[in-house]
Every structure is written in C-alpha cells, then in structure tokens.
Amino acid sequence: MAAESYDPRAIERKWQQVWAGERTWEVSNEDDGRPKSYVLEMLPYPSGEPHIGHLKVYSVGDAIAHFKRRNGHRVLHPLGYDAFGLPAENHAIKTGQHPRESTEASIAEFRRQFHDWGISIDWSRELGTHEPAYYRWTQWLFLRLYEQGLAYRRDAAVNWCPDDATVLANEQVVDGRCERCGAVVEPRQLEQWFFKITDYADRLLEDLDTVDWPQNVVTMQRNWIGRSEGAEVTFRCDDLGTDYPVFTTRPDTLFGATFFVLAPEHPDVLRLSDSQEVRDYIRRALTESAEERGAEDREKTGVPLGRTVTNPVNGEQIPMYVADYVLMEYGTGAIMAVPAHDERDFEFAQRHGIEIRRVIEGGDELPYAGDGPMTASGRFDGIRNREGFDRIVEWLESDDKGRPAVNYRLRDWLLSRQRYWGCPIPIVHCDACGLVPVPDEQLPVVLPDVEDYAPKGRSPLAAAEDWLHVDCPSCGGAARRETDTMDTFVDSSWYFMRYCDAGNDRAPWDREALDGWMPVDQYIGGVEHAILHLMYARFFCKAFADIGLLDAQEPFARLFTQGMVTRDGAKMSKSKGNVVSPRAIVDEKGADAARCYILYVGHPAEGGDWNDKGVDGIARFLARLWRAAADAADGTEPSEAPAGEPTAVLRKAHWAIDKVTRDLGERFATHTAIAAVIELVNEITKHRDELLATPEGSSQLRFATATAASLIFPFAPHLGSEAYELLTGRRVWEEPWPRADESLLGADTAEIVVQLNGKLVDRFQASVDSTDAELERRARASERLADRLDGREIVKAIVVPGKLVNLVGR
RNA sequence: GCCCGGGUAGCCGAAUUGGUCCAGGCAGCGCGCUUAAAACGCGUGGUCCGCAAGGACGAUGCGGGUUCGAAUCCCGUCCCGGGCACCA
C-alpha cells in the first residue's frame with residue numbers, strides 16, 4: 001500500500017505547470033466542426049485580492065467549462081479585469097500611488113491566485129479595461145454610437161454625489177444614496193453625456209423572452225424598464241393659452257379628475273404663479289434630496305397655483321397645484337389627479353379639501369384602484385372600465401385631445417463622470433465647430449498622468465494642460481478635449497466581445513471571429529448585476545448589431561446567478577472579522593478542497609454557509625480518493641475494461657456517472673454531484689479488500705476508482721488528473737465524459753414496498769417486468785401484512801410498478 | 001405596501017414527475033492505532049426498547065383541506081431572505 005500521503009500542494013503545482021507549459025486551455029477561433037461553447041464568468045474588479053465570492057463564481061464556471069469540453073465542445077473560457085473605477089482612484093487620493101500601479105498590483109495578485117486555483121482559462125485572451133489597447137476600442141465604439149445619435153450631450157437634472165464629486169447614473173442611486181459611498185445624492189442641473197438606451201426599451205423588454213435566465217432577474221429587468229401603457233391627454237389652461245399634456249394609465253377615470261398637479265421642477269410653475277408661497281415651496285422642494293423627498297410615510301404637501309385647466313372630457317375647470325409627489329422625470333412632469341381611484345391623489349385631496357368623485361364602481365371604500373363599471377362618466381356610464389379605457393382614448397383622439405401612449409421608467413444612461421481613473425471620452429470641444437469626434441486614426445485618446453486626483457467637481461483631467469489643449473480635428477483651430485471620463489460600466493458592457501478577438505489591433509474585433517463565438521452560451525455571476533451590467537451589455541449588443549458589427553441580438557443566452565457565501569450564518573464582512581480568505585484556504589488545504597467545498601455546501605444558486613470544519617471533511621474525502629487510487633494502482637493491473645460479474649462497486653460507478661452527468665449538465669447541482677462521487681469513493685473504500693482478491697474484482701475496482709477521478713475532475717481538476725493518470729496513464733481532460741452503462745443502472749429486480757394505508761409494512765424483491773396483478777398478489781400474501789391487518793379487509797390496491805403496492809384496509 | 005424566493009436533524013443540506021428510503025458532509029458519541037495527543041481508520045449518527053437480530057413511534061414553520069398515499073398540490077396564517085417602492 002502507498003506509503004506517502006496526499007499532498008495537494010505538490011499535485012496542484014505539478015498540473016498547473018503542465019497546463020501553463022502546454023497552454024492546454026487556449027482555443028483557436030477556427031471552426032473545427034465541434035459545437036462551440038462560450039462559458040464566461042463576470043470579469044472581476046481587481047481591488048486588493050480575490051474574496052470567497054470570486055472563488056465560487058470561477059469554481060462554478062470552470063466546472064461547466066470542463067464538462068462542456070469533455071462533452072465534445074470547443075470551449076472559449078477567457079478572463080480579464082474591470083480595471084478602471086473609483087476604488088483605485090480613492091486609494092490614489094489617500095496614498096498618492098498612481099491608480100495604475102495599485103490596480104496592476106491587484107491584477108497580478110488576482111492572476112496569481114487564479115493560477116493557484118487551477119482555473120482553466122485561455123490566458124492568451126487576457127485583458128484589462130484600463131489598457132490603451134483595450135480602451136482604444138471602447139472609444140471607437142463610443143464614436144460609432146455617437147454617429148448613430150445614441151451617444152449625446154444634454155443639459156439635465158442629474159444625480160450628484162457630493163462625496164465622490166461626480167454625477168451618477170440613475171441605476172447607481174439606491175434609496176436616494178450613492179451606491180458606492182452611501183452619501184445622500186443631490187439633484188443638479190448639468191450638461192452631461194448620455195447613451196440613448198430608452199430607444200431600445202421595447203426591444204430590451206421583448207427579447208427577455210428569448211433568453212434562458214433566472215426568473216427573478218428577468219422580472220427585475222422588466223420592472224426596471226417599467227413599461228406602462230396608457231394615454232397622453234391634453235388639459236388646456238385658458239389663462240395662459242397653454243396646453244398641458246399628461247400621461248395617464250387610467251384614461252377610464254378621466255371624469256373623476258378633480259385637480260391637476262405640476263412637479264416643482266416644471267418650467268411653467270412660476271409663469272402660472274409667482275406668489276411667495278409658491279416660490280418658497282419650490283425652493284424647499286428643489287433643495288431636498290431624493291431620499292427625503294421619497295420618504296415612505298411623507299405627507300402629501302403642495303400649494304395651489306390659483307389657476308385652472310379644462311378637463312377635456314367634461315369641460316370642467318379644475319384647480320392647479322404644485323406638489324413634490326409629482327416627478328419631473330416621468331411622463332410630462334404634470335398629472336391629472338383622480339383622488340377616488342389613486343391612493344396618492346386621494347391623500348392629497350383629503351389634505352387639501354378637494355372633491356373626491358367616484359367614477360368606477362366597486363370596492364368597499366375609496367380610493368379604489370380595481371375594475372368595475374363606470375359611473376358619473378356621462379355617456380360611458382355602465383360600461384366596464386377596461387372597455388371604457390379604449391373608448392375614451394378613441395374619443396379623445398378624434399377630438400385631438402389625446403392619443404394612446406406608452407411610458408417607461410427606464411431613463412437614458414448617464415455615462416460621463418468627473419473623475420480621473422476612467423476611459424477618456426474621445427470628443428473635442430471647439431468654439432467654432434462645437435462637439436468634434438476625435439478621428440479613429442488618432443485613437444486612443446490616452447489617459448494622461450496627473451498629480452492631483454482629488455475630485456473638485458470637475459474632472460481632474462482639466463488640470464492636464466498639455467493634454468487638454470488640442471487643435472480642432474475639423475477646423476484646426478484651438479480647442480479643448482472633453483475632460484469627463486466614462487462610467488466603468490461602459491468598459492464592462494463589451495469586454496465579452498473583445499475576448500473573441502482579443503489581439504486585434506485593426507478593429508475591436510473581426511466580425512467573423514465574433515459571430516463564431518457570440519452569444520455567450522453560459523454567463524455566470526452575481527445577482528447584484530441583475531439590472532445595471534446586464535441591461536447595459538444587452539443595450540450595447542443590440543446597438544452594435546444594428547450598426548452591423550455582429551449578429552447576436554442578445555449577448556448572454558443563458559445566465560446563472562450564484563448565491564452569496566455566508567459564514568456561520570452571517571454575511572462576511574471585514575467589520576465582523578469573519579472573512580474567509582481564499583488564499584489562506586488554498587495554501588492550507590489545497591485548491592481542490594476549497595473549490596469542491598464551495599460547490600458542495602449547497603446548490604450554487606443558493607447562498608452557502610462556509611464552515612471551516614466542513615472544508616476538512618472535503619479534504620478528507622479527496623485524500624481518501626487519492627489513497628484509493630494509489631492502492632488500486634499498486635494492487636491491480638491496468639486493463640481496458642472491467643471484467644467479470646458486475647459487483648456493487650461497478651454498479652455504483654455507473655450510478656455515479658449517471659448522477660453527476662444529469663446534476664451538472666441539467667441543473668448545475670454541483671452539491672449533489674459531488675455527494676455522488678463521495679458515495680462512490682465510500683463504496684470503493686468499503687469493498688477494496690474483497691475486490692483486490694480476484695482479477696475480475698481488481699479490474700472493477702480500478703475502473704470504479706478511475707471513474708471517481710474522472711467525475712471529480714470538473715470540481716477538483718488537479719486531483720482528478722493525478723488519480724486518473726495513475727490508474728490509466730492518460731490525461732483525464734483529453735478523455736470524453738464517461739457514459740453510464742444503462743444495463744448496469746437498473747437492476748433486474750426491484751425492491752417493492754408493501755404499504756397498508758400508505759404506511760410501510762413489508763418489502764420484497766420482484767422482477768422489474770412483473771405484472772401489476774402479480775405484484776398485488778405477492779403483496780397480499782405478505783405475512784407482515786397479515787399481522788398488521790388486524791381483522792381489516794383489503795378493499796383496494798394501488799400498484800406503482802417497480803416501486804410499491806399500497807393496500808387499503810378498512 | 002407590492003412582487004419573487006425559502007422554512008426538513010444540533011448545523012449545512014438530499015428527496016429531479018404526489019409514491020418506500022432525511023442522501024452526502026459537519027458537529028457529537030463509541031472503538032482501533034498511539035506512551036499520549038494530533039492525524040488517520042472503523043462503527044454509530046431522529047427518538048425510544050434491545051447485547052443483537054429486530055421492533056415501536058416520529059419529523060418537513062403553524063392550522064385546515066384534497067388523495068389510497070403530501071416536504072411536494074389547494075386555502076389560510078406566521079417567520080426569514082431578496083427585489084421594487086410617490087413611475088401617475
């Protein structure tokens with residue numbers, strides 16, 4: 001028997017050297033007839049060193065990549081770094097260290113650990129989004145979108161983070177606070193760069209039906225896009241001679257509109273009334289943060305404007321108000337208020353003594369938001385409101401007072417940032433020519449070095465005088481560069497395309513190469529990117545497809561979101577001091593144990609609870625497998641096929657093949673797949689001595705052990721390779737995925753359970769092709785049944801072939 | 001408030017289409033090896049009786065229901081997690 005013991009570090013280093021030396025995981029763009037499979041984990045943001053979430057996402061992805069390869073696929077499995085961004089810049093502000101230095105140090109650490117983990121990456125395609133060779137093409141793509149009118153500059157009310165001193169995208173504001181630093185966001189009126197993602201709202205919504213994504217992510221995207229169907233209805237203010245269109249989802253309640261409200265930001269408010277009361281109200285509303293304004297139990301404040309508008313359906317004059325519960329960003333910044341059928345309008349009307357008029361019947365009390373027959377609605381009385389909806393819109397349309405309309409919650413993507421560590425926007429400002437794109441051949445606009453990174457409300461780049469002043473590419477006159485940089489989400493919205501042709505220095509990619517790989521077949525990452533990153537990447541994909549840069553309409557055909565790893569039931573955080581460092585675990589117990597354990601604690605889509613003792617259990621299992629392989633290699637002769645009558649161990653091996661194949665291939669159930677291999681190894685250990693006693697038994701033992709190595713390989717690639725080579729002399733990753741022998745899966749006989757009224761009373765063995773009648777006869781003949789029957793009579797029998805016979809006694 | 005998930009052993013978790021079997025791991029307990037400990041191996045691992053074979057009784061948040069049979073389906077209810085939240 002083997003004297004030495006399992007030494008994961010030696011084994012892991014050995015195989016990592018083989019894979020690096022032979023560039024095993026590099027893949028060509030040439031179609032070789034095998035089906036392609038693009039397996040991708042979300043790229044890491046390199047800050048500090050990898051944490052346990054990284055270990056998990058790459059462990060899941062690597063298992064899938066290996067599984068696909070061994071099932072005959074040509075697999076693209078690349079990796080890069082999302083390297084621009086605020087943390088590196090904030091670090092620079094504190095320490096003076098250039099963000100490039102801290103970022104690249106972190107990248108080196110990530111790279112080192114990914115190698116230590118033995119992840120099967122095609123390193124020839126590695127990239128960092130901060131490299132000029134990459135962001136040159138980010139800029140190039142920006143210019144293509146600019147040409148299409150999909151990137152534009154506009155003066156708008158934007159979210160300003162006072163701590164980070166930059167604007168934020170709508171998506172980066174959470175509960176009125178900066179997603180990154182938590183500071184309360186302020187509204188500001190600024191000229192900023194936007195991507196016109198709203199042009200794609202409908203397609204982004206519809207195409208969710210074409211992807212295989214988790215239901216909750218699809219729902220989150222749908223909600224975020226927030227499509228509402230309704231009508232635009234015009235209310236006329238005769239005093240000013242102005243028409244005010246409003247958006248409503250309830251044109252059927254128009255007869256119940258008893259007042260009209262403008263948002264405080266609405267440009268007409270002061271024209272309508274410049275009373276002191278109105279001025280004060282607006283000033284207060286505009287200085288309030290989104291958080292204060294959106295507070296849950298906030299009272300519905302507002303002041304009257306002393307004017308009226310005409311309700312187009314009945315000619316009534318209804319009073320106008322300004323109130324901060326109306327948002328300027330949605331619809332037209334003005335609403336018709338129907339207090340009887342809208343909770344907010346109801347609250348406001350109650351507070352301000354405005355008439356509440358029911359126009360839909362139903363519900364016990366007001367406000368009532370449900371359906372019902374219309375009432376107090378003139379000639380529409382008695383009509384079901386759903387039908388009334390259409391008829392009122394038709395009527396308004398014929399009178400030119402309204403039309404059907406659709407509104408979205410989705411806003412355009414604000415992409416400019418007044419920060420240093422990002423991709424420069426390739427635009428020149430010329431007094432004579434206006435905005436001038438930097439010509440393609442002058443790209444990249446290289447990010448210059450600066451001394452002072454501290455945010456001052458304008459980009460630090462404005463201080464780089466040499467860089468800032470350029471000749472206008474159009475007229476040659478004096479001009480200045482755009483000093484804002486791009487949101488890092490721009491960088492990460494197309495990196496998966498660059499991987500397909502990462503070395504290309506003539507274009508972001510060659511179309512043929514891209515179409516050969518896209519879309520990503522399996523994308524893996526955290527659910528925290530359900531809205532931002534995934535929405536932006538989908539938008540880019542569609543916009544580029546429209547320009548003719550690729551075929552795919554959707555970037556990610558399948559999405560898998562992994563759950564968060566906790567420790568002893570609590571979130572890991574530095575402040576709690578319960579953070580598990582992947583490096584420490586890998587150094588101590590080996591990468592295979594760390595990877596297996598994290599895939600074993602539970603289904604990877606669920607959260608898993610990290611337990612140090614649990615890793616030891618997995619490490620013990622791996623050591624048992626290693627020993628089993630060493631013993632089998634010592635005690636048996638290599639043979640091509642297992643010989644002799646199938647033993648329990650051989651059957652177990654085929655059972656495990658079937659189990660792992662289905663668990664991994666169909667439902668990513670890595671935890672039960674690994675449990676199946678554990679069961680197989682336990683079975684091998686148990687029967688080892690008796691099997692070694694005969695040549696046939698030995699051949700089966702060797703086969704079963706090699707099978708265990710083969711099956712554990714996607715999760716523990718080093719040990720899998722080592723053990724498999726020991727037993728077969730071959731490389732496991734070059735072997736096709738094993739196939740279970742169907743004839744060994746099911747036995748000829750099955751254990752049939754005898755139940756009395758659903759309770760188990762006996763079991764017997766029966767041939768799998770026994771008839772129902774025969775099974776029933778044998779069940780009825782059971783002695784134990786007779787004991788339990790206790791005078792009752794069997795009135796009915798339910799036979800489930802191959803499983804059970806349930807006898808109903810009364 | 002609305003929309004999704006989820007509550008099974010001391011802990012993490014199996015049970016894939018309504019069908020016996022709470023798989024696997026951890027902790028615990030017992031034994032072996034050892035001067036001892038660690039490591040490792042073996043056994044046990046819902047409760048109770050039993051030296052054992054075996055037997056008895058249980059369990060899926062709580063309360064009902066459907067069914068020959070429910071962790072699984074239906075109704076109600078509680079708790080936990082996540083998302084959205086003045087979007088007219």
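Because only heavy atoms are used, hydrogens play no part in the values below, and waters and symmetry mates are left out as well, while side chains stay in. Every chain is numbered from 1, with letters handed out A, B, ... down the list of sequences.
Residue A/I678 is classed as a sugar-phosphate contact, given heavy-atom separations below 4.0 Å to backbone atoms only.
Of the candidates B/A23, B/C84, B/A14, B/A14 carries the atom nearest the A/H603 side chain, counting heavy atoms from C-beta on. Checking B/G19, B/G24, B/C4 against the side-chain heavy atoms of A/E679 singles out B/G24 as nearest.
Among residues two or more places apart in sequence or in another chain, the side chain to side chain contact (heavy atoms under 4.5 Å, CB included) test is passed with A/A605 by A/F560, A/H603. For A/E588, there are no side chain to side chain contact (heavy atoms under 4.5 Å, CB included) partners at least two apart in sequence or on another chain. Residues that satisfy the salt bridge (charged side-chain N to carboxylate O under 4.0 Å, His left out) test with A/D616, not counting sequence neighbours, are A/K589.
In terms of phosphate contacts, A/R222 brings no side-chain nitrogen or oxygen within less than 4.0 Å of OP1 or OP2 of B/C84. Look at A/R409 and you'll find a side-chain N or O under 4.0 angstrom from OP1 or OP2 of B/A85. Remark: A/N682 is in phosphate contact with B/G25, judged by side-chain N or O atoms under 4.0 Å from OP1 or OP2. Regarding contacts with the backbone of B/A14, a side-chain N or O of A/H671 is found under 4.0 angstrom from either OP1 or OP2. Between A/K796 and the phosphate of B/C68, there is a side-chain N or O to OP1/OP2 separation shorter than 4.0 Å.
Partner assigned to B/G76 is B/C62, using Watson-Crick or G-U wobble distances below 3.5 angstrom. Pairing for B/G28 is with B/U44, a Watson-Crick or G-U wobble pair whose two hydrogen-bonding atom distances lie under 3.5 Å.
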Which pairs, protein N/O on one side and nucleotides 16-18 of chain B N/O on the other, fall under 3.5 Å?
from, atom 1, to, atom 2, distance (Å)
B/U16, O4, A/K659, NZ, 2.4

Between the protein and nucleotides 53-61 of chain B, which nitrogen or oxygen pairs are less than 3.5 angstrom apart?
from, atom 1, to, atom 2, distance (Å)
B/G55, OP1, A/R784, NH1, 2.3

If you restrict it to nitrogen or oxygen atoms, what contacts under 3.5 Å exist between nucleotides 26-31 of chain B and the protein, and what is each distance?
from, atom 1, to, atom 2, distance (Å)
B/C26, OP1, A/R620, NE, 3.4
B/C26, OP1, A/R620, NH2, 2.8

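The base of B/C12 is not paired with the side chain of A/D609 by any donor and acceptor separated by under 3.5 Å. For A/Y600 and B/G24, a side-chain-to-base donor-acceptor distance below 3.5 Å is present, hydrogens and geometry of angles not being considered.
Within 6.0 Å of CD on A/E666 lie more than 12 heavy atoms contributed by other residues, nucleotides or ligands.
In this structure the side chain of A/Y600 never reaches within 4.5 angstrom of the side chain of A/T670, judged on heavy atoms.
In this structure, A/Y244 and A/F260 have tilted ring planes: the angle between them lies in the 30° to 60° band.
A straight line from CZ of A/F346 to C1' of B/A88 spans 17 Å, rounded to a whole angstrom.
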